Amino acid sequence: MSRRVLVVGSGGREHAIIRQLAISEQKPILFCLPGNPGTAQSATNVDLDMMDFDAVVSFCKSEAIDLVIIGPEDPLIKGMGDNLHKEGINVFGPGAMGARLEGDKEFSKEVLASAGVPTARYQAFSSSHAALKHLDTVTLPVVIKACGAAQGKGVAVCSNREEAEVFIRSCLDDQQFGGAGLRILMEECLFGPELSVLIVTDGQDYCLLAPSRDHKRIGEGDVGPNTGGMGAFAPVNLDPEMYGEIDTRIVLPVLAELRRRDIPYCGVLYVGLMLTESGPQVLEFNTRFGDPETQVVLPLLRVDFLEMCYSTATGRLSDFLQGIHEVDEVMPNNWPGAGASSWLRKAVVVVGASDGYPGQYIKGRPIELPQCNGDDCWVIHAGTTLDDGGKLVTDGGRVLGAVGSGLTLSLAKESAYKMLDSTHFEGLIYRRDIGISGEK
Ligand code: AMP
Ligand code: GLY
């Protein structure tokens with residue numbers, strides 16, 4: 001009998017997850033809660049409030065759901081995983097204890113310190129007076145972060161004192177991020193290329209997906225404010241010894257520290273790294289798939305994604321890993337689970353956003369999608385919806401992602417940009433330089 005899978009969320013990440021599940025040979029029956037017009041192409045969208053956990057549990061029971069994959073951080077941090085688990089429902093995604101790694105940046109720093117994993121030096125503050133006083137003693141640029149989850153907008157890399165002061169006051173005095181910004185970290189600024197590493201783990205075994213690179217700033221050349229992510233590509237070519245270094249200096253100690261603290265972790269742990277001159281350092285944890293990284297990492301999988309998630313959720317990841325036959329000549333041999341991904345192909349996603357994002361933007365603008373939808377290019381819906389007349393319109397800051405894939409990064413980029421050039425909606429903006437730093 002076909003497995004029945006529920007994906008929670010409504011963004012580009014969830015459309016990418018649904019798309020990957022839909023190509024499984026197991027032909028699963030898919031639901032997305034609440035989903036978007038993209039997920040509706042292969043799944044039944046479920047009109048429920050995802051934060052109403054009782055309603056989600058009831059839905060899973062009445063629809064005999066075999067597996068729930070939780071996309072966004074909010075339900076994870078609030079304990080949706082625990083609620084489902086308690087009811088005997090298989091869930092891919094950590095409970096509240098594990099999700100604290102994303103929901104509380106000060107806690108994640110403590111975990112990193114006790115694991116002996118390199119990360120930027122920091123101090124935490126709850127009062128703007130103390131924070132501003134400390135600001136006098138730091139070297140600029142300095143990074144200021146809201147401790148709680150703030151939709152990717154709670155971090156400012158401040159090159160001068162004025163910017164830092166404004167951000168500190170907006171968190172601690174004006175409460176721009178609500179409770180998420182009532183405590184802040186003031187962090188040493190690190191330099192180097194960034195890397196997103198997705199660890200799939202059932203708490204015992206783990207598998208690393210292809211490393212990817214997000215482009216977080218709104219502007220070309222990495223200028224302007226941080227966003228949720230304006231584009232990404234994978235795999236990122238690293239120096240051969242770097243793969244092993246990431247595994248031994250970062251991944252292994254972090255997973256060991258979680259076990260030492262009895263923090264159960266089942267799902268994906270996203271580690272955001274800065275590859276500094278003195279080695280990789282951790283910038284952040286997310287306790288879910290990255291957005292837009294998922295849009296490029298999943299299409300590179302050579303294994304059945306549904307089986308990967310199901311084995312993880314049922315604590316049998318080791319059985320699944322034994323079934324991976326590592327045959328790609330170019331894959332790194334010191335990247336556990338490397339055989340799960342193709343290293344011969346490249347994938348690029350370029351995000352089409354609404355003018356004004358990450359600040360204010362207008363919703364409800366009609367969207368004209370490109371024709372190209374095939375094996376080497378496709379559109380991932382993020383902030384889209386249908387209006388009363390059933391027409392596709394914009395409904396968010398990051399509206400869609402154009403994904404291109406090919407044997408080289410240039411071919412993948414060409415496909416993605418060709419699609420964006422024939423995508424139309426009023427106020428469409430996108431970065432022209434996604435993937436430039438990955439040309440090798
Ligand atoms: P986070 O949500 O903590 O990853 O921060 C979002 C983005 O801010 C990262 O992807 C980096 O681009 C930047 N960032 C965070 N921490 C630092 C740091 N210590 N040094 C330099 N840039 C940082
Ligand atoms: N792309 C960064 C994130 O998912 O938080």
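Note that ligands are numbered from 1 as they come in the structure, with each ligand's atoms numbered from 1 the same way. A quick note: this is a predicted structure, and the numbers were derived from the prediction, not measured.
- In terms of protein heavy atoms, atom 7 (C) of ligand 1 is closest to Asn226 ND2, 3.7 Å.
- Protein heavy atom closest to atom 22 (N) of ligand 1, with residue, atom name and distance, is Met274 CE, 3.7 Å.
- Residue contacts with ligand 1 for Cys189 involve both N, CA, C or O and side-chain atoms from C-beta outward (heavy atoms, distance under 4.0 Å).
- Within ligand 2, the atoms closer than 4.0 Å to a non-hydrogen atom of Lys216 are 2 (C), numbered from 1 in the order shown.
- Defined by atom type and a distance below 3.5 Å, a donor-acceptor pair is missing between the side-chain atoms of Ser410 and Thr408.
- The pair Arg288-Asp74 does not count as a salt bridge, with every side-chain nitrogen at least 4.0 angstrom from each carboxylate oxygen.
- Salt bridge Asp214/Arg431: absent, no basic N to carboxylate O contact under 4.0 Å.
- Between Phe125 and His134, the ring planes lie tilted relative to each other; the angle falls in the 30° to 60° range.
- With no hydrogens or angles considered, no side-chain donor-acceptor pair links Thr384 and Asn36 at under 3.5 Å.
- Between Glu293 and ligand 2, at least one pair of N/O atoms sits closer than 3.5 Å.
- For the pair Arg217 and ligand 1, no heavy-atom separation below 4.0 Å is found.
- Atoms of ligand 1 found under 4.0 Å from any heavy atom of Glu188 (numbered from 1 in listed order, with element): 18 (C), 19 (N), 20 (N).
- In this structure, Gly290 is part of the shell of residues with a heavy atom less than 4.0 angstrom from ligand 2.
- The option from Glu284, Glu73, Arg288 that lies nearest to atom 5 (O) of ligand 2, judged by heavy atoms, is Arg288.
- Ring geometry for Phe167 versus Phe177: interplanar angle of 30 to 60°, hence tilted.
- When the heavy-atom distances from atom 20 (N) of ligand 1 to Val142, Leu283, Leu190, Leu273 are ranked, the shortest goes to Leu190.
- Using a 4.0 Å cut-off between a side-chain N of Lys or Arg and a carboxylate O of Asp or Glu, Glu284 and Lys145 do not qualify as a salt bridge.
- The closest approach between any non-hydrogen atom of Gly228 and ligand 2 is below 4.0 Å.
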Which pairs of donor and acceptor atoms, one on a side chain in residues 250-260, lie under 3.5 Å apart (sequence neighbours left out)?
| from | atom 1 | to | atom 2 | distance (Å) |
| --- | --- | --- | --- | --- |
| Glu257 | OE1 | Arg260 | NE | 3.1 |
| Glu257 | OE2 | Ser114 | OG | 3.0 |
| Glu257 | OE2 | Arg260 | NH2 | 2.9 |
| Glu257 | OE2 | Arg261 | NE | 2.7 |
| Arg259 | NH1 | Gly203 | O | 3.3 |

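- Atom 12 (O) of ligand 1 has its closest protein heavy atom at Glu194 OE2, 2.4 Å.
- The contact set between ligand 1 and Val143, taken as ligand atoms under 4.0 Å from a residue heavy atom, comprises 16 (N), 17 (C), 18 (C), 19 (N), 20 (N), 21 (C).
- Distance from atom 4 (O) of ligand 1 to its nearest protein heavy atom, with residue and atom name: Glu284 CD, 2.7 Å.
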**Message:** What verdict does the salt bridge (charged side-chain N to carboxylate O under 4.0 Å, His left out) test give for Glu220 and Arg432, after you've listed the backbone C-alpha separation in whole Å, the side-chain angles of each residue and the deciding distance to 0.1 Å?
**Reply:** CA-CA 7 Å; Glu220 285 166 19; Arg432 281 252 150 225; 5.7 Å; no
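- Atom CZ in Arg121 sits 10.5 Å away from atom NZ in Lys109 (nearest 0.5 Å).
- Judged by distance alone, the side chains of Tyr206 and Asp247 do bring a donor and an acceptor atom under 3.5 Å apart.
- At least one N/O-N/O distance between Asp214 and ligand 2 falls below 3.5 Å.
- For ligand 1, the atoms sitting less than 4.0 Å from at least one non-hydrogen atom of Ala120 are 19 (N), numbered in the order shown with element in parentheses.
- Contact analysis leaves Gln281 out of contact with ligand 1, as no non-hydrogen atom separation drops below 4.0 angstrom.
- Taking 4.0 Å as the cut-off, Arg13 does not count as a neighbour of ligand 2 on heavy-atom distance.
- Of all the heavy atoms of Tyr270, the ones lying under 4.0 Å from any atom of ligand 2 belong exclusively to the side chain.
- Here the heavy atom of the protein found nearest to atom 16 (N) of ligand 1 is Lys145 NZ, 3.0 Å.
- Backbone and side-chain nitrogen or oxygen atoms of Asn286 are examined, and one is located within less than 3.5 angstrom of a nitrogen or oxygen of ligand 2.
- Side-chain N/O atoms of Arg13 and Thr294 include no donor and acceptor closer than 3.5 Å.
- Using a 30° and 60° split on the angle between ring planes, Tyr243 and Trp335 fall in the perpendicular class, above 60°.
- Summary of contacts: the protein heavy atom closest to atom 5 (O) of ligand 1 is Val155 CG2, 3.5 Å.
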